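This report concerns only the one structure given below.
Computed from a prediction, not measured in an experiment: that's the story for all the values here.
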Amino acid sequence: MADTKPLPSTLSVGLARTKLEVREFFREKEALIFTFFFPIIFLGIFSAVFGNTDFNGVNAATYFTPGMIASGIFLSSFQSLAISIALERDEGLLKRLRGTPMPPQAYFIGKIGQVLVTSVAQFALLLVIAGLVLGVDIPSEPSKWLDFAWIFILGAASGSVLGIAFSVVPKSGKAASAVITPIVLLLQFMSGVYFVYSSLPAWMRDVASVFPLKWLAQGMRSVFLPDGFQVNEPGGSWQLGTGAIVLTAWLIVGLFLAQRVFRWTRRDAG
């Protein structure tokens with residue numbers, strides 16, 4: 001009797017899917033421009049436009065760096081997954097994948113793996129440009145980088161599961177970008193990515209505080225801005241504990257919604 005090879009594990013298939021997803025991501029010009037390079041380009045623009053402006057004791061490049069890092073994580077997770085999955089569903093790719101022996105979990109491992117790889121690469125490039133070109137002081141304290149690690153992981157994880165869940169909202173793949181991009185832009189404006197958060201109207205800050213991007217941006221400010229800057233925050237502190245609770249809550253909500261609403265086929269497929 002011939003020996004049969006054991007089937008590859010879900011994790012190994014998921015890692016293989018991650019490599020494939022990363023290659024496909026970097027082949028897509030639109031994804032590179034509007035997801036990968038968008039925060040880096042805007043950091044350069046804001047640094048040039050507001051170069052001589054004092055933002056409560058820090059220069060423009062230093063102030064906008066944490067917001068652009070947070071924006072990059074949100075774009076790479078929520079926006080990228082919501083749009084790409086909607087397109088793959090519309091093109092029938094998800095239906096074909098569901099009909100293969102591949103474990104369904106491997107598909108999601110691949111998607112989340114792609115988010116982590118592209119987010120880390122984007123952050124590294126942005127940090128190099130901010131530090132070497134724009135003169136931003138990069139923190140050296142281990143405690144700052146420990147805070148960065150858990151904020152990054154929670155932000156990427158919550159954005160990923162919410163993107164997976166939200167991918168069912170667009171009625172078609174072609175409509176995905178038109179539906180999702182304005183929502184992301186609105187959250188960026190309301191969450192202190194493009195403006196000084198404390199200068200925004202109180203009602204806008206209240207609305208933004210419900211969503212994860214605000215807490216992701218505020219957490220990144222705690223890492224990259226001087227400790228004394230926290231007095232300029234609406235609560236007079238970085239509120240890292242509250243941020244951790246909100247991001248974790250969105251992670252749980254996103255997991256629940258993704259399990260309940262995710263579809264492998266188009267709505268009109270039955």
Take the angle between the ring planes of F64 and F50 and call it parallel below 30°, perpendicular above 60°, tilted in between. tilted
Please report the shortest heavy-atom distance between V115 and S160, naming the atom on each side. CG1-OG, 3.6 Å
Counting C-beta onward and ignoring hydrogens, is there a side-chain heavy-atom pair between S47 and V133 closer than 4.5 Å? no
L43 side chain near L134 side chain, heavy-atom distance below 4.5 Å: yes
Least distance between heavy atoms, G254 atom then A165 atom: O-CB, 4.3 Å
SB check E24 K19 (cutoff 4.0 Å): no
Kindly give the heavy-atom pair with the smallest separation between G155 and S77, and that separation in Å. O-OG, 4.4 Å
Side chains of L75 and F38 in contact at under 4.5 Å (non-hydrogen atoms): yes
When rounded to the nearest 0.5 Å, the distance separating CD1 of I183 from CG of L186 is 8.5 Å
Plane angle bin for F26 and F36 - parallel if under 30°, tilted between 30 and 60°, otherwise perpendicular: perpendicular
Start with the C-alpha gap between K95 and E88, add the side-chain angles, then the distance that decides, and say whether salt bridge (Lys or Arg N to Asp or Glu O under 4.0 Å) holds. CA-CA 9 Å; K95 183 178 180 180; E88 290 173 0; over 6 Å; no
Would you check if the side chain of S12 reaches a backbone N or O of P8 as a donor-acceptor pair within less than 3.5 Å? no
Is there a side-chain contact between L240 and S222 in this structure, where contact means two heavy atoms from C-beta onward sitting under 4.5 Å apart? yes
To the nearest 0.5 Å, what is the distance between CG (L185) and CD1 (I180)? 12.0 Å
Measuring only between side-chain heavy atoms, which start at C-beta, is P39 closer than 4.5 Å to Q122? yes
Run the ring-ring contact (aromatic ring centres under 6.0 Å, His included) test on F37 and F42 for me, step by step, so that the C-alpha distance in whole Å, both residues' side-chain angles and the decisive distance to 0.1 Å come before the verdict. CA-CA 9 Å; F37 288 112; F42 263 60; over 10 Å; no
Taking it one step at a time, do Q230 and R221 satisfy side-chain contact (heavy atoms from CB on, under 4.5 Å)? CA-CA 9 Å; Q230 62 184 310; R221 289 199 294 273; over 6 Å; no
Following the transitive rule for hydrophobic clusters with a side-chain heavy-atom cut-off under 4.5 Å over Ile, Leu, Val, Met, Phe, Trp and Tyr, establish whether M102 and I112 coincide in one cluster. no
State yes or no: do L255 and I252 share one hydrophobic cluster built from I, L, V, M, F, W and Y residues joined by side-chain heavy-atom distances below 4.5 Å, directly or via other members? no
If hydrophobic clusters are built by linking Ile, Leu, Val, Met, Phe, Trp and Tyr wherever their side-chain heavy atoms come under 4.5 Å apart, do L87 and L93 end up in the same one? no
Closer than 3.5 angstrom, by distance alone: can the side chain of Y197 be matched with the main-chain N or O of Q218 as a donor-acceptor pair? no
What's the spacing between Q114 CD and I109 CD1 if we round to 0.5 Å? 14.0 Å
Can you tell me how far apart CD1 (I153) and CG (L247) are? Round to the nearest 0.5 Å. 12.0 Å
Going by the angle between their ring planes, with limits at 30° and 60°, are F229 and W238 parallel, tilted or perpendicular? parallel
Hey, does F152 have a side-chain heavy atom less than 4.5 Å from the side chain of V223? no
Polar side chain donor-acceptor pair, S71 to Q188, under 3.5 angstrom: yes
Would you say I245 ends up clustered with W150 if hydrophobic residues are merged whenever their side chains have heavy atoms under 4.5 Å apart, either directly or through other cluster members? no
Count I, L, V, M, F, W, Y as connected when their side-chain heavy atoms are under 4.5 Å apart, and connections chain through other members. Are V117 and F148 then in the same cluster? yes
A side-chain contact here means heavy atoms from C-beta on lying under 4.5 Å apart; do D137 and T62 qualify? no
Determine whether a donor-acceptor pair (N or O, by modelled atom type, separation under 3.5 Å) exists between the side chain of S119 and the backbone of L116. no
Spatial distance of atom CG (L127) from atom CD1 (I69) [nearest 0.5 Å]: 6.0 Å
Step-by-step side-chain contact (heavy atoms from CB on, under 4.5 Å) determination, F74 to L187: CA-CA 10 Å; F74 201 66; L187 288 176; 4.0 Å; yes
Nearest non-hydrogen partners of A106 and V13, listed with the distance: CB-CG1, 3.6 Å
Any sub-3.5 Å donor-acceptor pair from R17's side-chain atoms to K111's backbone N or O? no
Using every non-hydrogen atom in the two residues, find where A70 and L216 come nearest and quote the distance to one decimal. O-CD2, 3.5 Å
What's the separation between atom OG in S191 and atom CG in L213, rounded to the nearest 0.5 Å? 4.0 Å
Hey, would you say the W264 and F262 ring centroids sit under 6.0 Å apart? yes
Between F224 and W145, what is the ring plane arrangement, given parallel below 30°, perpendicular above 60°, and tilted in between? perpendicular
Distance-only donor-acceptor check, side chains D206 and S209, under 3.5 Å: no
Over 60° means perpendicular and under 30° means parallel, so tell me whether F166 and F78 are parallel, tilted or perpendicular. tilted
Does any part of the side chain of W215, heavy atoms only, come nearer than 4.5 Å to the side chain of I151, both counted from C-beta? no
Would you sort out whether R89 and V168 count as a side-chain contact (heavy atoms from CB on, under 4.5 Å), showing the intermediate values? CA-CA 9 Å; R89 182 184 296 112; V168 303; 3.8 Å; yes
Residue pair F256, V161: steps toward the side-chain contact (heavy atoms from CB on, under 4.5 Å) verdict: CA-CA 9 Å; F256 174 78; V161 295; over 6 Å; no
In short, L81 meets S167 closest at the heavy-atom pair O-CB, 4.4 Å
Please lay out, stage by stage, how K171 and D90 fare under the test salt bridge (Lys or Arg N to Asp or Glu O under 4.0 Å). CA-CA 9 Å; K171 293 183 178 181; D90 197 46; over 6 Å; no
For F55, which of F195, Y63, F46 qualifies under ring-ring contact (aromatic ring centres under 6.0 Å, His included)? Y63
side-chain contact (heavy atoms from CB on, under 4.5 Å) with M68: which of I73, L126, I41, I40? L126
